[in-house]
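These numbers were taken from a predicted model, which means no experiment stands behind them. We count residues from 1, following the sequence as given. Quick note: numbers below take in every heavy atom, side chains included, and nothing from hydrogens, waters or symmetry partners.
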Amino acid sequence: MSDTHHEEAHTGPIKNPKQLLIAVLASFVIPIFAIIGLVLYVTSDNKPAAGAVDTQKATAARIQKVGMVEVRDANRPLANGEAVYKAQCAACHATGAAGAPKFGDAAAWSARIKTGFETLVQSALKGKGAMAPQGGGDFSDTEIARAVAFMANAGGAKFEEPAAPAAAASAAGDGASVAAAAPAASAASQ
């Protein structure tokens with residue numbers, strides 16, 4: 001009798017094949033439903049990206065096109081050299097930051113002035129050393145050239161501030177028409 005008692009002690013709660021089938025199905029089905037429930041819970045709320053308050057604006061910024069077109073007023077009057085200097089150049093040239101020659105420092109500007117106005121303008125437009133390129137920003141190339149002339153003249157140069165491109169083109173056109181009219185007038189007088 002002691003042998004039968006010993007066998008019953010080692011048996012589990014599953015006594016027949018039907019109970020085994022229920023236990024196997026429950027051990028797979030219950031975790032699957034638990035996982036599905038957790039996934040639904042986590043994805044049920046539309047959470048904004050980190051740091052994004054306006055989700056529509058943040059989404060639009062993430063999916064924007066690579067290139068943008070900015071339309072500016074082509075007929076606006078060009079800014080003079082002093083205004084461009086104050087807006088664009090003074091941050092570094094007023095203090096001498098990152099090795100920039102200080103405004104009005106003739107000693108610092110003398111070697112640069114010797115290279116010529118066009119070289120200074122190209123350095124400003126394309127960048128040189130720690131100075132970032134200024135071309136293509138808020139100011140036109142002519143306005144940057146005016147700022148270069150303003151700064152160099154304060155350092156001892158005698159550069160002329162560039163004229164507006166349309167004014168320069170019309171002046172060249174007037175000069176060409178005057179030049180063309182002069183030979184015609186001299187031929188008519190003979």
Side-chain angles (χ1 to χ4, degrees), residues 49-187 189:
V53 177
D54 187 2
T55 57
Q56 289 179 342
K57 187 176 180 181
T59 303
R62 284 192 306 271
I63 63 172
Q64 74 178 352
K65 294 181 180 179
V66 175
M68 292 177 50
V69 176
E70 183 177 334
V71 180
R72 295 186 184 180
D73 184 11
N75 297 323
R76 72 171 172 82
L78 293 178
N80 64 11
E82 183 178 3
V84 176
Y85 164 76
K86 287 179 181 177
Q88 190 79 13
C89 311
C92 296
H93 286 282
T95 62
K102 284 187 176 182
F103 182 77
D105 185 2
W109 279 97
S110 64
R112 290 169 175 84
I113 291 170
K114 289 178 185 174
T115 63
F117 181 67
E118 287 302 319
T119 305
L120 288 172
V121 170
Q122 288 306 313
S123 294
L125 292 175
K126 295 179 181 175
K128 183 174 181 179
M131 181 175 65
Q134 304 301 313
D138 291 336
F139 297 104
S140 69
D141 291 357
T142 304
E143 291 171 318
I144 297 295
R146 287 178 169 190
V148 169
F150 176 74
M151 287 188 292
N153 290 345
K158 303 283 188 250
F159 297 137
E160 189 173 317
E161 190 174 85
S170 66
D174 292 344
S177 63
V178 169
S186 65
S189 65

Review point. How would you list, by chain and number, every residue that makes a side-chain hydrogen bond (donor to acceptor under 3.5 Å, both in side chains) with T95, sequence neighbours excluded?
Key: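 So T95 forms no side-chain hydrogen bond (donor to acceptor under 3.5 Å, both in side chains) with any residue.
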
Exercise for review: First locate atom CD of E161, then atom CD of E143, and finally report the distance between them rounded to the nearest 0.5 Å.
Suggested key: 10.0 Å

Exercise for review: Measure the spacing between NZ of K128 and CZ of R112 and express it to the nearest 0.5 Å.
Suggested key: 7.0 Å

Study note, to complete from the structure: Contacts of S110 meeting side-chain contact (heavy atoms from CB on, under 4.5 Å) (sequence neighbours excluded), chain-then-number -> none

Study note, to complete from the structure: Sorted by chain and number, sequence neighbours left out, side-chain contact (heavy atoms from CB on, under 4.5 Å) with A83 holds for A79, N80

Practice item. Kindly determine whether M131 and C92 satisfy side-chain contact (heavy atoms from CB on, under 4.5 Å), including the steps that lead there. Key: CA-CA 9 Å; M131 181 175 65; C92 296; over 6 Å; no

Which atoms form the tightest heavy-atom contact between [X] and [Y], and what is the distance?
| X | Y | value |
| --- | --- | --- |
| T142 | A163 | CG2-O, 3.5 Å |
| I113 | A152 | CD1-O, 3.6 Å |
| P133 | L125 | CB-O, 3.4 Å |
| F117 | P162 | CZ-CG, 3.9 Å |

Practice item. Report the C-alpha distance between V84 and I144 in whole Å, list the side-chain angles of each, state the deciding distance to 0.1 Å, and finish with yes or no for side-chain contact (heavy atoms from CB on, under 4.5 Å). Key: CA-CA 7 Å; V84 176; I144 297 295; 4.2 Å; yes

Review point. Tell me the salt bridge (Lys or Arg N to Asp or Glu O under 4.0 Å) pairs involving residues 79-88, sequence neighbours left out?
Key: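 Qualifying pairs, neighbours excluded: E82-K86.
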
Check your understanding: Which pairs pass salt bridge (Lys or Arg N to Asp or Glu O under 4.0 Å) with one or both residues in residues 114-125, sequence neighbours excluded?
Key ->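 Listed once each, the pairs would be none.
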
Could you tabulate the donor-acceptor pairs under 3.5 Å formed by side-chain atoms of residues 97-109, not counting sequence neighbours?
residue : atom : partner : partner atom : Å
D105    : OD1  : A107    : N            : 3.4
W109    : NE1  : K102    : O            : 2.9

Review point. Can you check side-chain contact (heavy atoms from CB on, under 4.5 Å) on F159 and L120, steps first, answer last?
Key: CA-CA 11 Å; F159 297 137; L120 288 172; 3.8 Å; yes

